[in-house]
Every structure is written in C-alpha cells, then in structure tokens.
> 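First, the structure itself, so that you have it in front of you.
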Amino acid sequence: MNVLVWYKRDLRVEDHPALTDAVGMGAVLPVYIAEPDYWAQPDTSARQWGFIAETLAGLRRDLAGLGAPLVVRVGCAVEVLARLCRQNKITRIISHQGAANAWSVARDQRVAAWAREAGIEWLELSPRDEVLAAPQRVRMVAAIEPGVIPNARALRLRPDDCPHRQVGGRAQGLALLHSFLGQRGLGYRQAIASPLGTERACSRLSPYLTIGAISEAEVRQAVQDRLAAQPGAEWAANLRAFQGRIAWRAHFSQTLADAPQLEHCAMDAAAGALPGRMHEGARFEAWVAGQTGLPYLDACMRYLAATGWINFQARAMVTAVATYHLWLDWRSVGQVLARRLTDYDPGLHWPQIQRHAGMSGGGRMRVFDPVKEALAHDPGGSFTRRWVPELATVPDAFLQTPWKWPQAQTVLGQRYPEPVIDLAHAARAARAAMAGVRQATNLAQDRPELIEPLAAPASSPLFFDHRKASPRRARPAPAGQLCLDL
C-alpha cells in the first residue's frame, strides 16, 4: 500500500503517530502543502512563514536521513492531494487530527469530501500518551521531485521586518528545552511577568509547540524526567509552574475546533455591539506603531514588532489598553497581534483576546493602567528606555509620565508624541460603558455553550500561582483566564 503522510502542524519525525503508523502500512510519501489561500488570511504574516520555512528545511533533512525526503508543494490542498494521489497510486492519507481555526476546519471538510468521492481513505490520528521514537527507516513511494520551500514573496506575503525573531527548527526548540530545564528555568516564577526577565527565564518554546516542531508530550516527559531527578525544592516549584502552563496550553489549543465563532463573534454580544469602536484611523495606527505617547505601551508594541513575542502579562496589557482606553475593535486588535506573534495559535489567542477586551462576559473586568504596569514590571525603566530611546533625556521620575515633566515640551511633539488619550478619562468612560452591559447581561446563563469549552478540565494537574510560595490545586477558571507564557 502507498500512504501519503500529510504534514500540517506536526513538523517533526519524533513522536509522530501518523508517520510511525504509515511506515507499518507500506511505502510512504511525506507531504507539506503551502496554501496561498491560508497565507492570504488577515491573521498570517511573513514572520510566521519564515519560522515555518526554517522548520521545514530541518524536517526535510530529518526525513531524508530516514530515506524519504519531505515533498513540498504550493497550492490548494484538495488539488495538490488529488494530483499526488493519482500520480503515485496513493490509496490512504494519514495525518494528525485537529484544526487551527475556522479556515482550516473548512479546508479539512473540503478534503474529506474529495477523499470520499475519490475513494481515498483519510485517517486522522489523535496524540498518544507515550512519546514515540522516530522510525529507523522510511520507504519512499518513488523518486519524486521534492520541490522548493517557497519564500514569503512567493506566497505573496507583505514584507515583515522582524530582526530578532526566533529561528525555526526542531534543533533550536530542543536546545531551548535543554537550556530551560538545565539553567534558565530556575528563575521562571519570579521573572514570568517581567518584560526583560521573561526573555531568558521563560522556555520560549511556544512557537515550536505551535507548529509541532516538538510535541507537548515530549516536553511533559522531559519535565517529568527532570523532576524525577529530584533537582531541589526551588527547581521543583518552577518546574511545576511550567507544567501548569503546558496543561493549560493543551486544554485550550483546540478551542476553535469546538467554537470557531470565537474568531469573529463576541461571546457577550452586547459588549461586542457597543458603538464607537474603531477598526482603523490615527489612534489605531499609533497603537500599531508604538507611537501612542504612553511609553510602556509603546515599548511593548515595538518589542513585539521586533521579536515576534511578548510575555502573557504584556499581551494582556496591550490588548486591554487598545480595547478599553483607545476603544479599538477587538477583532482588529487581535489580528494585528496575531500577525506579530511568531507563536500565534488561534485556539489560544482568540479566547485571550476576548477575555482581555471584555468580550467574554465572565470574570472580572480588568482595565490595565499602563503606567502602573510599567512601575510594577519595569521599575527601573530599562525596558522602556531600550525600546523608546526618544525619552533618553527624560528623568526616571517622569519616564512613564513624560507629559508631567516640567520640560516636556523639549520632547513631546518633537521626538516623541504627546499622549493620544487622557488615561484617567478614557478608563472612566470604558468602565462606564462596560458596566452598563454587564448589569444587563448574564452570559453564563444565556450562552452556556460558549462558556463550557473554555472551562478548565477537572483533571488539570497541579499548577503554580507565581504570586504565592506553594502550589495549589487546579480549579475551573473563568473563561479566558490564560497564563500561557511558555
């Protein structure tokens, strides 16, 4: 039997049930399809493709070492699969189960319909509990032109300068896992909300997990092995905190498969219908460019643009300030952040956006104050100064509120913009508008089918509250209460 292994968000040879099973069925054709229609979506970007392309290059080398180089094709999935199956007498397709968002759900439905009509069996496999070793050898269907891994221009992606983006590839992900478990993770709990500390203390595995360069099962096993070595109480506390983030990630990553409307429809329809929110305009462009005149907010947005990543606390803050203070539309805000994030995972991203924008209807409404956030997480101002160098002459006491500096006119309106809003007035207006909605809406009773998929499973493992000194039992959390900073 000739079997086609369709790679999607599982770009590895280790711990790969589809590849392992296919090897036992017959000759194998491993395929990745770069789909231009997907890369034309508003939440995709060249930085994401660059990361994937680098990972594909490594995957191709790994598969070639097993005897079956990765075949890469550009086009519509149905058309590419139909052509390859016809040319190579393929009777079975095997892939990992799961869809990232509404677009990929619709794509998979089209593929399933074609496969039924063509008499092709399509098997979709769920993750397994044990970590599978890579096959020792893969027998290739035939000598096939592997194809070129396209660049961003070939997929018609806009230029996207991200000079400090993480490098894709399984080898890079494994190196990060090793250094995190061996050295960097010791500061995980203490540094998790710091914009500078998290750059080192977090695992930075999220983009590798998102595209499957490494599997969650591999990471869980590595952490368990490290704990089994009894590394000491402080190490154990940090590792258990990390275990909790992995558990949350696994739970939420398939959210959109159950509720694809979360990308486009506010869970609280009344909150989503509040008037005056902007999709574009001067205020929106200032937020995107990091030119709002609010130093810490601008620093976070510039850091994200340059690196493709920010920690969970900063993601929550930039979302909340954009949707509350600046009164921007949550979907437009979410799409900008999605394009900027190398680790963008729709199932994780959109519930967080809804939560921090006040669209989920559940839990406490949190209107972040960017000045207070800066004083809490960048007390020395080094992060802000690095990313907003226009404020070099502003004294430390006025760094986060330069408009209060007696000599503000030497900087504001010259090298750096004046604030686009009055923070206090904007916060009061947002709270008043949202409070009226919350008093009139009982989302948990009216729309339980949307809340339920976002509740934590009762069997969630221990996780660590980084604000306390001891672990606590996981319990069902309000919708979107996600601390997924890996």
Side-chain angles (χ1 to χ4, degrees), residues 193 262 264-301 304 310 312-338 349-377 400-404 417-444 446-447 450 454 478-482:
L262 293 183
H264 311 292
C265 300
M267 294 171 65
D268 186 339
L274 283 171
R277 292 193 183 272
M278 294 176 286
H279 297 267
E280 56 185 16
R283 193 176 292 181
F284 180 84
E285 294 302 324
W287 173 77
V288 172
Q291 292 286 347
T292 65
L294 305 172
Y296 187 61
L297 173 65
D298 290 343
C300 288
M301 291 300 292
L304 172 59
I310 49 175
F312 82 90
Q313 186 78 12
R315 295 186 197 203
M317 187 272 294
V318 299
T319 301
V321 175
T323 53
Y324 287 125
H325 295 82
L326 302 180
W327 208 243
L328 304 177
D329 184 83
W330 65 274
R331 286 160 293 224
S332 298
V333 166
Q335 287 175 358
V336 169
L337 296 178
H349 181 76
W350 290 107
Q352 290 189 78
I353 292 295
Q354 292 227 28
R355 167 64 174 160
H356 297 305
M359 297 295 119
S360 67
R364 179 169 61 94
M365 181 178 70
R366 187 172 183 187
V367 181
F368 283 77
D369 183 329
V371 175
K372 291 181 179 179
E373 287 293 297
L375 296 177
H377 303 300
Q400 303 300 343
T401 55
W403 55 88
K404 295 181 179 180
E418 296 184 3
V420 296
I421 54 167
D422 179 288
L423 276 173
H425 180 271
R428 285 194 298 270
R431 287 192 179 95
M434 297 298 292
V437 168
R438 289 182 172 232
Q439 289 173 3
T441 304
N442 187 338
L443 183 65
D446 294 343
R447 303 294 299 280
L450 292 185
L454 300 182
Q481 187 177 353
L482 305 177

> Measure the CG-CZ distance between Leu337 and Arg315 for me, rounded to the nearest 0.5 Å.
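One finds 9.0 Å between CG of Leu337 and CZ of Arg315.
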
> Should Glu418 and Trp403 count as side-chain neighbours, where that means a heavy-atom distance under 4.5 Å?
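SC-SC contact between Glu418 and Trp403 ruled out.
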
> Using side-chain heavy atoms (C-beta onward) and a distance below 4.5 Å, is Leu297 in contact with Trp287?
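In contact.
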
> List the atom of Gly290, the atom of Met301, and the distance in Å for their closest heavy-atom pair.
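Where Gly290 meets Met301 most closely, the heavy atoms are CA-CB, 4.2 Å.
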
> How close do Ala271 and Arg277 get, heavy atom to heavy atom, and via which atoms?
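Where Ala271 meets Arg277 most closely, the heavy atoms are O-NE, 4.4 Å.
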
> Without swapping roles, check the side chain of His349 against the backbone of Gly334 for a donor-acceptor pair under 3.5 Å.
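Yes.
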
> Could you check whether any side-chain heavy atom of Ser332 comes within less than 4.5 Å of a side-chain heavy atom of Glu280, counting everything from C-beta outward?
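Ser332 vs Glu280: side chains apart.
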
> Can you find a heavy atom in the side chain of Val318 that is under 4.5 Å from one in the side chain of Ile310?
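Yes, their side chains come closer than 4.5 Å.
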
> Do the side chains of Glu373 and Gln313 get nearer than 4.5 Å, heavy atoms only?
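Side-chain contact under 4.5 Å: yes.
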
> Hey, what do you get for NE2 (His356) to CH2 (Trp330), rounding to the nearest 0.5 Å?
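Going from the NE2 atom of His356 to the CH2 atom of Trp330 covers 13.5 Å.
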
> What are the two closest non-hydrogen atoms of Met278 and Leu326, and how far apart are they?
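The pair with the smallest heavy-atom distance is CE-O, 3.5 Å.
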
> Does the side chain of Leu262 reach to within under 4.5 Å of the side chain of Gln354, using non-hydrogen atoms?
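A side-chain contact under 4.5 Å exists here.
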
> Applying side-chain contact (heavy atoms from CB on, under 4.5 Å), run through Arg355 and Thr319 and close with a yes or a no.
CA-CA 10 Å; Arg355 167 64 174 160; Thr319 301; over 6 Å; no

> I need the Thr292 OG1 to Glu285 CD distance, nearest 0.5 Å.
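Going from the OG1 atom of Thr292 to the CD atom of Glu285 covers 13.0 Å.
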
> Please give me the minimum heavy-atom distance between Ala426 and Ile421, naming the atom from each residue.
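Heavy atoms only, the tightest pair is CB-CD1, 4.0 Å.
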
> Calculate, to the nearest 0.5 Å, the distance between atoms NE2 and CZ belonging to His325 and Arg283 respectively.
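Reported value, rounded in 0.5 Å steps: 11.5 Å.
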
> To check you understand the geometry: which heavy-atom pair defines the closest contact between Leu274 and Ala433, and what is its length?
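Looking at all heavy atoms of both residues, the shortest contact is CD1-O, 4.0 Å.
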
> How far does OH of Tyr324 sit from CE of Met434, to the nearest 0.5 angstrom?
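One gets 4.5 Å once the value is rounded to the nearest 0.5 Å.
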
> Do the side chains of His425 and Arg428 get nearer than 4.5 Å, heavy atoms only?
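A side-chain contact under 4.5 Å exists here.
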
> Give me the atom names and distance for the closest heavy-atom approach of Phe368 to Ala316.
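For Phe368 and Ala316, the tightest heavy-atom pair comes out as CZ-CB, 3.7 Å.
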
> With a 4.5 Å cut-off on side-chain heavy atoms, are Met359 and Asp268 touching?
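No, too far: nothing below the 4.5 Å cut-off.
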
> Just by modelled atom types, is the His279 backbone N or O under 3.5 Å from a matching donor or acceptor in the Asp329 side chain?
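No, Asp329 side chain to His279 backbone: no donor-acceptor pair under 3.5 Å.
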
> Can you tell me how far apart CZ (Arg331) and CH2 (Trp350) are? Round to the nearest 0.5 Å.
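Those atoms lie 9.0 Å apart.
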
